[in-house]
Amino acid sequence: LKVINSDDVIRTTEPTVAEKLSIQRSIVKVKEQSNISFYDFINSILSQQGIERKYWKKFIAALPESYKENFDKEGIIEFIDDNKKYYCI
């Protein structure tokens, strides 16, 4: 804060290579999914995972909000795999 007030600049350090790759993957992930609604996104995943349509509402309602907000495909698939035995009865 002292530097900002005295020099009118913000000094930062360049991200590491690993951080840059992580940022790039996040940007690409958002770009790839930016034209699809969550409804279409989740329906596609449920269909690919072989979940019968009659169970979809149960899975969608039980999904953690962070998966919904981030369109977290891997997390959603893991959630589905872990919970098939409970929701598909």
Side-chain angles (χ1 to χ4, degrees):
L1 193 56
K2 191 176 188 179
V3 172
I4 294 172
N5 290 331
S6 65
D7 300 340
D8 290 328
V9 296
I10 298 175
R11 293 203 177 117
T12 62
T13 57
E14 184 174 352
T16 65
V17 172
E19 290 170 329
K20 288 179 184 179
L21 289 173
S22 176
I23 292 166
Q24 185 62 36
R25 280 192 298 270
S26 297
I27 291 170
V28 170
K29 186 176 180 182
V30 169
K31 284 183 181 178
E32 288 174 353
Q33 299 168 350
S34 63
N35 294 328
I36 187 171
S37 71
F38 181 76
Y39 177 81
D40 292 336
F41 175 75
I42 189 65
N43 288 351
S44 172
I45 294 172
L46 289 166
S47 180
Q48 290 169 3
Q49 295 299 307
I51 303 299
E52 291 181 53
R53 204 171 199 38
K54 64 183 178 182
Y55 301 120
W56 288 10
K57 284 185 181 181
K58 288 181 182 180
F59 278 100
I60 293 169
L63 271 175
E65 284 301 314
S66 63
Y67 292 169
K68 295 176 186 179
E69 292 169 2
N70 298 323
F71 282 57
D72 182 357
K73 185 173 184 176
E74 292 81 20
I76 291 170
I77 291 171
E78 184 177 324
F79 177 85
I80 291 169
D81 288 341
D82 290 346
N83 291 284
K84 281 180 186 178
K85 60 188 170 217
Y86 304 113
Y87 294 115
C88 295
I89 54 174

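All values reported here derive from a predicted model rather than from experimental measurement. One-based numbering along the sequence shown.
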_Just verifying a value: how many Å separate Asn43 CG and Ser37 OG, rounded to the nearest 0.5 Å?_
8.0 Å
*Roughly how far, to the nearest 0.5 Å, is CG of Asp40 from CD1 of Ile45?*
11.5 Å
*Give, for atom NZ of Lys20 and atom CD of Glu14, the distance between the pair rounded to the nearest 0.5 Å.*
3.5 Å
Identify all side-chain donor-acceptor contacts of residues 79-89 below 3.5 Å with residues at least two apart in sequence or on another chain.
from: Asn83; atom 1: ND2; to: Phe79; atom 2: O; distance (Å): 2.8

Which pairs of donor and acceptor atoms, one on a side chain in residues 57-68, lie under 3.5 Å apart (sequence neighbours left out)?
from: Glu65; atom 1: OE2; to: Lys68; atom 2: NZ; distance (Å): 3.4
from: Lys68; atom 1: NZ; to: Ile60; atom 2: O; distance (Å): 3.0

_Spatial distance of atom CD (Glu52) from atom OG (Ser47) [nearest 0.5 Å]_ = 11.5 Å
_Surrounding CD1 of Ile10 (heavy atoms of other residues, nucleotides or ligands, distance under 6.0 Å), is the total greater than 12?_
no
*Rounded to the nearest 0.5 Å, how far does CZ of Phe41 lie from CG of Asp72?*
7.5 Å
